[in-house]
S.K.: 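Starting off with a structure, shown below.
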Amino acid sequence: MRWKGRLAAAGIVVLFNIVRYFYYHVYLDVPFGTSFFLLTVFFLAIAYVGGYQFDRADYLSRRDPLTGAYNRRSLIEYVRKLQLPGHPGYGVVLFDLDDFKEINDTWGHETGDAVLRDFAETLSEFVGNRGIIARWGGDEFLAIFRKADEDFKIRGAEEISARMSSLGYAGGRSIGVSFGIAVSPTDGKDLEALVDAADHAMYVNKTGRKSQV
């Protein structure tokens with residue numbers, strides 16, 4: 001959660017108290033006492049509470065409430081910055097949890113929610129400071145890598161396969177993950193085209209694995 005609201009509110013209180021000090025205790029020559037500090041602490045406490053509410057509302061407006069991953073709107077805003085002139089290509093990876101409906105039907109929605117939260121945490125740690133992740137809808141997640149080229153499709157696939165193979169279990173059943181990778185500008189110049197390309201690659205990946213079973 002950002003501190004933008006709390007810092008802004010505290011800054012206003014500090015500025016107000018500087019003005020208050022010079023007006024009452026310098027200009028009007030009112031005796032300086034402990035009440036000045038008590039009021040300052042009181043104002044800061046109010047500012048912190050108000051600033052916290054602003055920061056929390058800002059956080060919830062940008063995040064998926066269940067998993068804590070970014071929501072679609074935040075991801076789209078992030079991608080807009082990557083599409084500015086002079087920025088190198090970026091990578092889009094679409095993830096889908098295999099047979100997620102079966103997990104919900106067999107072990108219940110609480111287990112399904114826990115699986116989504118665990119996967120979002122795992123994916124967030126995997127991406128790290130290389131980009132962001134967002135819940136795209138249902139059991140689909142989208143990861144954006146700030147810098148990527150054609151080689152990323154091979155390197156990324158190897159990295160992701162190795163990391164996803166160590167996922168936990170739901171009710172004693174392993175969680176399968178399908179994914180597809182697309183790279184800008186080769187596979188598309190806008191997010192919609194890249195997601196479509198990643199979705200197609202994911203379909204090929206999923207059908208290929210099932211045909212081997």
Side-chain angles (χ1 to χ4, degrees), residues 61-104 112 115-168 170 174-213:
S61 72
R62 294 181 295 109
R63 300 277 182 166
D64 171 59
L66 175 63
T67 64
Y70 284 100
N71 55 29
R72 280 192 178 220
R73 186 182 66 127
S74 297
L75 184 137
I76 290 170
E77 290 176 356
Y78 182 83
V79 169
R80 282 202 192 106
K81 298 176 183 177
L82 301 182
Q83 292 173 335
L84 295 174
H87 195 282
Y90 62 94
V92 172
V93 187
L94 182 64
F95 294 88
D96 178 79
L97 299 181
D98 297 340
D99 303 320
F100 181 73
K101 184 179 183 302
E102 184 181 332
I103 293 173
N104 271 336
V115 168
L116 291 175
R117 284 192 294 267
D118 289 346
F119 179 71
E121 183 178 352
T122 299
L123 190 56
S124 180
E125 291 174 356
F126 171 74
V127 174
N129 60 8
R130 295 181 292 176
I132 67 169
I133 71 160
R135 188 179 179 191
W136 199 240
D139 60 331
E140 288 188 338
F141 290 81
L142 203 65
I144 303 294
F145 289 82
R146 286 196 313 271
K147 297 178 181 179
D149 53 24
E150 275 298 299
D151 291 339
F152 175 75
K153 289 183 179 180
I154 299 174
R155 295 194 320 271
E158 292 173 348
E159 259 193 277
I160 294 167
S161 296
R163 184 64 186 89
M164 296 303 115
S165 65
S166 62
L167 283 179
S174 61
I175 303 169
V177 179
S178 297
F179 64 89
I181 302 176
V183 174
S184 167
T186 306
D187 298 313
K189 295 183 179 179
D190 56 46
L191 182 60
E192 183 179 358
L194 289 168
V195 171
D196 286 343
D199 186 51
H200 176 72
M202 182 176 69
Y203 174 78
V204 172
N205 176 6
K206 183 179 292 190
T207 54
R209 285 190 295 113
K210 286 185 176 180
S211 67
Q212 296 174 1
V213 176

S.K.: Using atom types as modelled and distance alone, determine if a side-chain donor or acceptor of S161 lies under 3.5 Å from a backbone N or O of A157.
M.R.: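 At least one qualifying donor-acceptor pair exists.
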S.K.: What verdict does the side-chain contact (heavy atoms from CB on, under 4.5 Å) test give for L116 and D139, after you've listed the backbone C-alpha separation in whole Å, the side-chain angles of each residue and the deciding distance to 0.1 Å?
M.R.: CA-CA 7 Å; L116 291 175; D139 60 331; 4.1 Å; yes
S.K.: Do other residues, nucleotides or ligands put more than 12 heavy atoms under 6.0 Å from the CG atom of L84?
M.R.: yes
S.K.: For D96 and S178, does a side-chain donor sit closer than 3.5 Å to a side-chain acceptor?
M.R.: no
S.K.: So, for A148 and G91, which heavy atoms are closest and what is the spacing to 0.1 Å?
M.R.: CB-N, 3.4 Å
S.K.: Search all heavy atoms of A143 against all heavy atoms of V127 and return the closest pair with its distance.
M.R.: CB-CG2, 4.0 Å
S.K.: Does this structure show an ion pair linking D149 with R155, if we count only N-O contacts that are shorter than 4.0 Å?
M.R.: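 Yes, D149 and R155 are salt-bridged.
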S.K.: If you measure from CG on D118 to OG1 on T67, what distance do you get to the nearest 0.5 Å?
M.R.: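 One gets 11.0 Å once the value is rounded to the nearest 0.5 Å.
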S.K.: If you apply the rule side-chain contact (heavy atoms from CB on, under 4.5 Å), what do you find for I144 with V92, and how did you get there?
M.R.: CA-CA 5 Å; I144 303 294; V92 172; 3.7 Å; yes
S.K.: Mind checking the CG-CG spacing from L194 to D199? Nearest 0.5 Å is all I need.
M.R.: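 With rounding to 0.5 Å, CG (L194) is 12.5 Å from CG (D199).
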S.K.: Look at E159 together with R130 and state whether they make a salt bridge at an N to O cut-off of under 4.0 Å.
M.R.: yes
S.K.: R73 side chain to I76 main-chain N or O, any donor-acceptor pair under 3.5 Å?
M.R.: no
S.K.: Could you go step by step and tell me if N71 and R63 meet the side-chain contact (heavy atoms from CB on, under 4.5 Å) rule?
M.R.: CA-CA 5 Å; N71 55 29; R63 300 277 182 166; 5.7 Å; no
S.K.: Run through K81, E77, Q83 and flag the one making a side chain to side chain contact (heavy atoms under 4.5 Å, CB included) with V79.
M.R.: Q83
S.K.: Roughly how far, to the nearest 0.5 Å, is the CG atom of L191 from the CG atom of L75?
M.R.: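 L75 atom CG to L191 atom CG measures 6.0 Å (nearest 0.5 Å).
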S.K.: Does a sphere of radius 6.0 Å around CD in E150 hold more than 12 heavy atoms from other residues, nucleotides or ligands, not counting ones at 6.0 Å or beyond?
M.R.: yes
S.K.: Could you check if a side-chain atom of E121 sits within less than 4.5 angstrom of a side-chain atom of E125, using non-hydrogen atoms only?
M.R.: yes
S.K.: So among F95, F126, W136, F119, which one has a ring pair (Phe, Tyr, Trp, His ring centres under 6.0 Å) with F141?
M.R.: F119
S.K.: For F152 and V93, what are the C-alpha separation, side-chain angles and deciding distance, and is it a side-chain contact (heavy atoms from CB on, under 4.5 Å)?
M.R.: CA-CA 11 Å; F152 175 75; V93 187; 4.1 Å; yes
S.K.: State, with a plain yes or no, whether a side-chain heavy atom of I160 is found less than 4.5 Å away from one of I181.
M.R.: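 With C-beta onward as the side chain, the pair touches.
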S.K.: Got more than 12 heavy atoms from elsewhere within 6.0 Å of NE2, H200?
M.R.: no
S.K.: CD1 of I132 to CZ of R62: how many Å apart, nearest 0.5 Å?
M.R.: 10.0 Å
S.K.: Rounded at 0.5 Å granularity, tell me how far CG in L82 sits from NE2 in H87.
M.R.: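 L82 CG to H87 NE2: 4.5 Å, rounded to 0.5 Å.
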S.K.: Give the minimum heavy-atom separation between A182 and A198, together with the two atoms involved.
M.R.: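 Here A182 and A198 meet closest at CB-N, 3.8 Å.
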S.K.: Please report the interatomic distance CD(E140) to CG(L94), rounded to the nearest 0.5 Å.
M.R.: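 Atom-to-atom, E140:CD and L94:CG are 5.0 Å apart.
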S.K.: If we ignore hydrogens and angles and just use 3.5 Å, is the side chain of D187 paired with the main-chain N or O of V183 as donor and acceptor?
M.R.: yes
S.K.: Ignoring hydrogens and geometry, is there a side-chain-to-backbone donor-acceptor pair from R146 to N129 under 3.5 Å?
M.R.: yes
